[in-house]
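By convention here, the first residue in the shown sequence is residue 1. The figures here come from the full heavy-atom set of this structure, side chains too, leaving out hydrogens, waters and symmetry mates.
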Amino acid sequence: MTVWAIGTTNRAKVECVVTAVNKCFPNDVHEVRAVNVESGVTDQPMSAEETQKGAVNRAKAALNAVPDADFGIGLEGGLEHIGKRWFECGWMSVIERKTGKCGIGSSARFEMSETLMRPILSEGKELAEVMDALTGEKDVRSGLGAMGILTAGYLGRAAAYEHGLIFALAPFLSESKYW
């Protein structure tokens, strides 16, 4: 059995991990354990570098929190300023305990509107707070997420993050000659 420690208890992120590891390693038995750990970055990361660092920190912290885990996984969403536009993107990190090997991947980006960015930039709010206020729902980030709301439910957070996690798993899926 392979034990995967995830550095979050967010439902959408846990769903993403369960789906991805079962898809990538269908012949293995998996135990996925979600643990609440700190990212070591700001609550609302504002660059790709900061978001990526949060994902790596979460993967390491998850491994520390689950001593018998084979892999630690960190998933961190954040904002990126590219050109004159803001985008949201999730970064994923997978660390193998026995080798220390680390894989990193990201989700696709989606553009952030001025309506969404204004309270983030002027009031220091997190995207999650803005989405909850605009939708009138609670904890949007653990369900469809902003991705799902903005795509009218066609691409929720779990599915959007799945691709990034599979990219982060690439060093463990492909032949070593590529690495």
Side chain to side chain contact (heavy atoms under 4.5 Å, CB included) against [X], all qualifying residues, sequence neighbours excluded:
X: Glu49; answer: Ser47
X: Ala69; answer: Val3, Ala5, Leu63, Val66, Arg97
X: Ala48; answer: Glu80, Trp91

Return a table of donor-acceptor pairs under 3.5 angstrom between the side chains of residues 119-126 and protein atoms on other chains or two or more places apart.
residue : atom : partner : partner atom : Å
Ser122  : OG   : Arg118  : O            : 2.7
Glu126  : OE1  : Arg141  : NH1          : 3.4

Quick test of your reading: applying ring pair (Phe, Tyr, Trp, His ring centres under 6.0 Å), list the pairs with at least one residue in [range], sequence neighbours left out, ordered by first then second residue.
range: residues 131-152; result: none
range: residues 134-169; result: none
range: residues 108-140; result: none

What side-chain donor-acceptor pairs closer than 3.5 Å can you find for residues 169-179, not counting sequence neighbours?
residue : atom : partner : partner atom : Å
Ser174  : OG   : Ala170  : O            : 2.9
Ser174  : OG   : Trp179  : NE1          : 2.7

(message) Check for me, please, whether Val56 and Leu165 land in the same ILVMFWY cluster - side-chain distances under 4.5 Å, paths through other members count.
(response) no
(message) Count I, L, V, M, F, W, Y as connected when their side-chain heavy atoms are under 4.5 Å apart, and connections chain through other members. Are Trp86 and Ile82 then in the same cluster?
(response)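 In one cluster with Trp86: Ile82, no.
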Name each donor-acceptor pair under 3.5 Å that joins a side chain in residues 34-43 to protein atoms two or more places apart or in another chain, with its distance.
residue : atom : partner : partner atom : Å
Ser39   : OG   : Val41   : N            : 3.2
Ser39   : OG   : Val41   : O            : 3.4
Thr42   : OG1  : Gln44   : O            : 3.2
Thr42   : OG1  : Glu50   : OE2          : 2.5

(request) For residues 52-63, pull every pair meeting side-chain hydrogen bond (donor to acceptor under 3.5 Å, both in side chains), keeping only residues two or more places apart or in separate chains. (result)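 Listed once each, the pairs are Arg58-Glu76.
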Using distance only, find each side-chain donor-acceptor pair of residues 12-25 under 3.5 Å and give its atom names and separation, not counting sequence neighbours.
residue : atom : partner : partner atom : Å
Lys13   : NZ   : Leu75   : O            : 3.0
Thr19   : OG1  : Glu15   : O            : 3.0
Asn22   : ND2  : Val18   : O            : 2.8
Lys23   : NZ   : Glu162  : OE2          : 2.5

(message) Suppose we screen for salt bridge (Lys or Arg N to Asp or Glu O under 4.0 Å). Which residues come up paired with Arg11, at least two apart in sequence or across chains?
(response) none
